[in-house]
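In what follows, a structure is listed as structure tokens, so that the remarks can point back to it.
In each ligand, atom 1 is the first atom listed, and ligand 1 is the first ligand listed. Below, each value reflects all heavy atoms present in this structure, side chains not excepted, and no hydrogens, waters or symmetry copies. Residue numbers start at 1 and run along the sequence shown.
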Amino acid sequence: MEEFKIETSQRIKRLPPYLFGRINALKLAKRQQQIDIIDLGMGNPLDSTPQVVIDKLCQAVQDPRNHRYSASRGIFNLRREAALKYARKWDVELDPEAEVLACVGSKEGFSHMCLSMLGPGDTAIVADPAFPIHIYAVALAGANTVSVPLGNTDDSLKDIIQVCEKLYPRPKMMILNFPHNPTAMTIDDIGYFETVVDIARRFNIAVIHDFAYGETCFDGYKAPSFLSAKGAKDVGVEFTTMSKAYNMAGWRVGFAAGNKDMIESLATIKGYYDYGIFQAIQIASIIAMRQCDNDTIEQNKKYQLRRDVVCDGLSKIGWEVEKPRGSMFVWARVPEEQSKGKGSIDFAMDLLEYANVSIAPGRAFGENGENYMRVALVENENRLRQAIRNIKKFVQKG
Ligand SMILES: Cc1ncc(COP(=O)(O)O)c(C=O)c1O
């Protein structure tokens with residue numbers, strides 16, 4: 001008898017290699033040996049969700065009406081609150097019924113949006129470096145990515161136009177993300193998105209803007225929403241999340257907002273796949289958006305202080321850093337004499353092994369990320385200072 005063998009789908013097989021695998025395995029092994037790792041590898045906030053939100057959840061969870069399946073689009077009051085927030089913060093008008101949809105964290109929404117819009121033969125334009133799901137979700141949908149280098153923003157727009165002019169069949173979608181993960185790059189004003197809308201119209205390309213760090217900004221910088229560009233709703237959608245601004249990463253709440261047809265297509269897929277977020281969480285999320293602007297401001301002050309500790313500390317070691325105006329990351333170039341020509345993945349492994357610090361290697365976000373490291377500002381200032389001391393000791397020992 002032939003040996004029985006499980007065959008996974010082509011969809012799984014065409015996923016690019018997961019470059020965090022070795023690092024995660026070493027991290028786990030170290031933890032099992034009770035070694036204290038300063039983990040700045042992932043943008044997973046360590047700080048607590050605001051107390052009013054926790055209190056509301058505790059109250060809502062007592063109500064049996066919230067124990068049933070919820071609506072896969074999200075309850076109306078949650079979508080309305082998200083629309084009100086858009087109006088208040090970015091002066092964007094949204095119809096909560098047709099232009100807003102709640103998702104199980106923005107990553108789920110983004111992935112299913114790709115699945116609903118893309119298929120074999122389609123191509124999406126993605127930056128290099130990029131947040132990995134921006135590539136994986138396109139691959140899982142059976143489509144291809146074409147990457148444009150994320151240099152300065154004007155150059156990247158020129159590159160996007162060039163791709164649209166040259167590639168046949170024409171790309172169907174472009175995926176953008178400002179403030180950017182992993183580079184923390186931001187755009188100056190809405191002019192960038194106005195050009196994006198023009199390009200989208202000219203070449204008939206749908207736009208997805210990932211605005212996960214839209215509210216995580218410092219030094220008075222206010223990140224523009226794609227949806228506030230004139231005509232944006234005609235060509236695309238924007239994803240936001242409760243994970244970062246409200247420290248609600250584990251609660252899994254995000255939003256898609258914008259183009260009606262794209263929202264409808266995501267709603268269709270979700271209608272088949274899920275029954276919605278636990279309703280008590282949706283109710284508590286309404287309170288977060290309604291009452292927690294100050295918590296977000298305080299959280300951003302923390303990130304700003306941590307950013308200064310990390311940027312100043314790494315600069316002193318000789319790493320090239322620019323202080324970011326947004327996101328929860330510092331993106332730093334490691335000088336050749338310290339990395340000794342090692343790729344960023346091996347360098348990250350060394351830091352974990354010998355300095356007990358975990359930071360993300362730039363290469364894991366794309367070829368253009370090579371020689372860079374991404375530091376997530378998730379630990380407190382003392383722990384960050386300790387991490388810098390550990391890194392310094394390691395690189396100076398040679
Ligand atoms: C750019 C970006 N988009 C989306 C996400 C995922 O957010 P969510 O928790 O809403 O799924 C992250 C999380 O790190 C992110 O960095």
Side-chain angles (χ1 to χ4, degrees), residues 18-20 24 39-47 49 53 74 78 82 85 100-115 124 126-138 140 145 150 174-187 207-217 223 225-226 236-258 266 270 273-274 276-278 281-282 284-285 288-289 296 299 303 324-331 358-360 362 364-366 369 374-378:
Y18 184 62
L19 296 179
F20 287 105
N24 288 346
D39 192 354
L40 313 176
M42 203 180 161
N44 192 359
L46 274 174
D47 301 298
T49 302
V53 182
L78 177 68
K85 180 171 153 182
V100 182
L101 183 141
C103 32
V104 191
S106 63
K107 190 174 173 184
E108 178 275 324
F110 174 83
S111 306
H112 281 140
M113 179 65 88
C114 288
L115 191 62
V126 187
D128 180 354
F131 181 49
I133 196 64
H134 293 170
I135 292 157
Y136 299 155
V138 175
L140 282 169
T145 53
L150 191 80
M174 63 174 126
I175 296 165
L176 304 169
N177 166 216
F178 296 105
H180 185 250
N181 178 9
T183 66
M185 189 167 167
T186 48
I187 54 172
V207 178
I208 299 183
H209 180 234
D210 182 340
F211 203 31
Y213 299 98
E215 291 171 90
T216 310
C217 298
S225 156
F226 166 66
V237 296
E238 181 164 83
F239 281 92
T240 51
T241 178
M242 305 293 294
S243 297
K244 314 291 176 173
Y246 307 100
N247 291 326
M248 291 174 67
W251 298 55
R252 311 311 299 132
V253 186
F255 297 97
L266 174 56
K270 282 178 66 64
Y273 274 152
D274 76 58
I277 306 156
F278 180 35
I281 289 181
Q282 297 190 51
S285 299
M289 285 189 277
T296 302
Q299 187 62 37
Y303 283 135
R325 296 187 287 189
S327 87
M328 52 196 284
F329 304 109
V330 167
W331 182 245
S358 174
I359 56 180
F365 302 96
R374 190 198 73 177
V375 182
L377 303 170
V378 288

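Qualifying salt bridge (Lys or Arg N to Asp or Glu O under 4.0 Å) partners for Asp47, counting only residues two or more places apart in sequence or in other chains: Lys302, Arg306. Here Glu215 pairs with Lys85, Lys89 under the salt bridge (Lys or Arg N to Asp or Glu O under 4.0 Å) rule; sequence neighbours left out.
Around ligand 1, the residues contributing at least one heavy atom under 4.0 Å from the ligand are Gly105, Ser106, Lys107, Phe131, Asn177, Asn181, Asp210, Ala212, Tyr213, Thr241, Ser243, Lys244, Arg252.
With hydrogens and angles disregarded, no donor-acceptor distance shorter than 3.5 Å links the side chain of Asn181 to the backbone of Thr183.
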Could you pull out every donor-acceptor pair under 3.5 Å between side chains of residues 251-258 and any protein atom, sequence neighbours left out?
from	atom 1	to	atom 2	distance (Å)
Trp251	NE1	Thr49	OG1	3.1
Arg252	NH1	Ala249	O	2.9

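Between Phe110 and His134, the ring center distance clears the sub-6.0 Å criterion.
The closest side-chain heavy-atom distance from Lys244 to Gln299 is not below 4.5 Å.
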